[in-house]
Q: 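One structure follows; several queries about it will come next.
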Amino acid sequence: MHERSLVRSLLKQVQQLCTEHAASEVAAIEVEIGPLSGVEPLLVREAFDMLSKDSVGGAAQLMIREIPLRGQ
């Protein structure tokens with residue numbers, strides 16, 4: 001399940017941003033997921049719930065915005 005590694009990377013980036021901006025907590029994290037990304041939003045949410053507990057994003061709300069496929 002590569003969603004877990006994606007969430008780990010996301011939380012690492014959030015931690016770096018918190019360090020850079022001297023923030024102690026995060027209220028929300030918003031991500032966009034498209035239909036051709038190969039990422040399942042439900043699995044991302046489950047991985048976030050499991051992995052964020054012991055991180056700076058532990059109290060954050062994960063907001064997943066699913067982007068529709070567009071073509072021309």
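Everything numeric in this text was worked out from a predicted model, so none of it was measured.
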Q: Let's go through Val7 and Met50 carefully: what are the C-alpha distance in whole Å and the side-chain angles of both, what is the deciding distance for side-chain contact (heavy atoms from CB on, under 4.5 Å) to 0.1 Å, and is it a yes or a no?
A: CA-CA 10 Å; Val7 170; Met50 184 173 35; over 6 Å; no

Q: Let me see the working for Phe48 and Ile64 under side-chain contact (heavy atoms from CB on, under 4.5 Å), right down to the final yes or no.
A: CA-CA 11 Å; Phe48 182 83; Ile64 299 175; over 6 Å; no

Q: Would one find more than 12 heavy atoms of other residues, nucleotides or ligands at under 6.0 Å from atom CD of Glu30?
A: yes

Q: Do the side chain of His21 and the main chain of Gln16 share a donor and acceptor less than 3.5 angstrom apart?
A: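 Checking the backbone N and O of Gln16 against the side chain of His21, no donor-acceptor pair under 3.5 Å is found.
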
Q: Looking at Thr19 and Gln15, would you say the former's side chain and the latter's main chain have a donor-acceptor pair under 3.5 Å?
A: yes

Q: What distance do Gln61 atom CD and Ser52 atom OG have between them, rounded to the nearest 0.5 Å?
A: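 Answer for the CD-OG pair, Gln61 versus Ser52, is 12.0 Å.
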
Q: Does any non-hydrogen side-chain atom of Val44 lie less than 4.5 Å from one of Leu62?
A: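 Yes. Closest side-chain heavy atoms under 4.5 Å.
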
Q: Determine the minimum heavy-atom distance between Pro35 and Ile67, stating which atoms define it.
A: CD-O, 2.9 Å

Q: So how far is it from Met63 CE to Arg45 CZ, rounded to the nearest 0.5 Å?
A: 10.0 Å

Q: Could you measure the distance from the CZ atom of Arg4 to the CD atom of Glu46? Nearest 0.5 Å is fine.
A: 10.5 Å

Q: Are any side-chain N or O atoms of Ser9 and backbone N or O atoms of Ser5, one a donor and one an acceptor, separated by less than 3.5 Å?
A: no

Q: For Glu3 versus Glu40, what's the shortest heavy-atom pair and its separation?
A: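 Taking Glu3 first and Glu40 second, the nearest heavy atoms are OE2-N, 2.9 Å.
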
Q: Picking from Val26, Leu6, Leu51, what satisfies side chain to side chain contact (heavy atoms under 4.5 Å, CB included) with Leu11?
A: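 Passing option: Leu51.
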
